[in-house]
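Below: the structure, in structure tokens.
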Amino acid sequence: MEVIIRPDVDRAVDLVVKLIVALIKEKPNATLGLATGRTMERVYARLVASGISFADCRTFNLDEYIGLPPDDPNSYRTYMNRHLFDHVDIDRANTHVLDGSALDLKKAAQDYEAKIDDAGGIDLQLLGIGVAGHIGFNEPLSSFMSRTRDKSLTPTTRAQNAEMFGGVSDKVPKRALTMGVGTILDARELVLLATGCAKSSIVAKAVEGPITSMVSASAIQMHPNCKVVLDEGSAKELQGRDYYDFVFANEPKWESFRRVDN
Ligand code: F6R
């Protein structure tokens, strides 16, 4: 794992966007795993502004609320259309978001796994982190071998996402379909972005704490190609800060990122 700490949210977002753009330039038909949430809104705005072509890309989103049809204003399908798909040249048929209104959720989950396999797996999986320690909607005690399935959301997660539901936690769906931790770990590259002081405690647990299913995000420590991109606020409880900064300042592969970024 590599931890890259940028001075502010803008520069953290900028680095993540550059990683995605670099991948698409190298592999125009890349398969991207996408996340939703407030942190990612800036990533998608910046990706749109970059003008990069998604014409040959395929995408798979991490999760979707159960009970919300795709055209619900709060569905993650609507979120993705609004923030990314409506503004880029991606073929809509190549975008995949779980259907939270499916009658047979188990089948929807299995079909999703099959589609990811058919696509040859995910090249780069973008991740946020919830205050409950989740990646996707893998709440505490999610098996690290889990595949796409339905999960009950924690009260913490429902409170975190209440803003999109008029500030009322009770209006946030109680369950979601989500890629499993195992599905996420199968991606060839993970890029986790976290910003803001509210995430500093959970980021420290995920990055430096014990690997435990109580903090699903700690599973990323087992991934051989994982980058965690943070701003100062979300990084403030990390113990190994000096070393992470040293690596970013010295590793040749980060040179172009440092140069453009400073
Ligand atoms: C959403 C998802 C979640 C979010 C996480 C952070 O698709 O997978 O894991 O990334 O809850 O959400 P924000 O960015 O709203 O704090």
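What you see is a predicted model, and the numbers here were worked out from it, not measured in a lab. By convention here, the first residue in the shown sequence is residue 1. Numbering of ligands and ligand atoms starts at 1, following listing order. Values below: all heavy atoms of this structure, side chains included; hydrogens, waters and symmetry mates excluded.
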Please work out, at 4.0 Å between heavy atoms, whether the side chain, the backbone, both, or neither of [X] comes within that distance of ligand 1.
X: Leu62; result: side chain
X: Asp63; result: side chain
X: Ile129; result: backbone
X: Lys199; result: side chain

Among side-chain atoms of [X] and [Y], is any donor-acceptor pair under 3.5 angstrom?
X: Thr78; Y: Asn81; answer: no
X: Tyr79; Y: Asn74; answer: no
X: Glu139; Y: Thr157; answer: yes

Legend entry - Verdict with reasoning, Phe248 to Tyr243, per ring pair (Phe, Tyr, Trp, His ring centres under 6.0 Å): CA-CA 9 Å; Phe248 184 67; Tyr243 177 61; over 10 Å; no
Inset, instruction - Can you figure out which of Gly196, Gly136, Ala35 has its heavy atom closest to atom 3 (C) of ligand 1? - result: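 Minimum heavy-atom distance to atom 3 (C) of ligand 1 goes to Gly136.
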Inset, instruction - Classify the angle between the aromatic ring planes of Tyr112 and His96 as parallel (below 30°), tilted (30 to 60°) or perpendicular (above 60°). - result: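 Tyr112 vs His96 ring planes: perpendicular.
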What's the shortest distance from [atom] to any protein heavy atom, and which residue and atom give it?
atom: atom 5 (C) of ligand 1; result: His134 NE2, 3.5 Å
atom: atom 1 (C) of ligand 1; result: Thr36 OG1, 3.1 Å
atom: atom 12 (O) of ligand 1; result: Gln160 NE2, 3.3 Å

Would you mind listing which atoms of ligand 1 come within a distance below 4.0 Å of any non-hydrogen atom of [X]?
X: Gly128; value: 10 (O)
X: Arg38; value: 13 (P), 14 (O), 15 (O)
X: Thr39; value: 13 (P), 14 (O), 16 (O)
X: Gly37; value: 14 (O), 15 (O)

Inset, instruction - Answer yes or no: does an N/O atom from Asn161 fall short of 3.5 Å to an N/O atom of ligand 1? - result: no
Legend entry - Tyr76-ligand 1 polar pair, N/O distance under 3.5 Å: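 No, no N or O pair falls under 3.5 Å.
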Legend entry - Electrostatic pair Lys18-Asp14, nearest N-O below 4.0 angstrom: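 Yes.
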Inset, instruction - Determine, for Asp231 against Lys199, whether the closest basic-nitrogen to carboxylate-oxygen distance falls under 4.0 angstrom. - result: no
Inset, instruction - Pick out which of Leu190, Ile184, Val215 makes a side chain to side chain contact (heavy atoms under 4.5 Å, CB included) with Ile135. - result: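 Exactly one pass, corresponding to Ile184.
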Legend entry - From CE (Met145) to OG1 (Thr183), nearest 0.5 Å: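 Between atom CE of Met145 and atom OG1 of Thr183 there are 11.0 Å.
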Legend entry - Atom pair CG/NZ of Asp56 and Lys27 - distance to nearest 0.5 Å: 12.0 Å
Inset, instruction - Answer yes or no for Met40: is there a heavy-atom contact with ligand 1 below 4.0 Å? - result: no
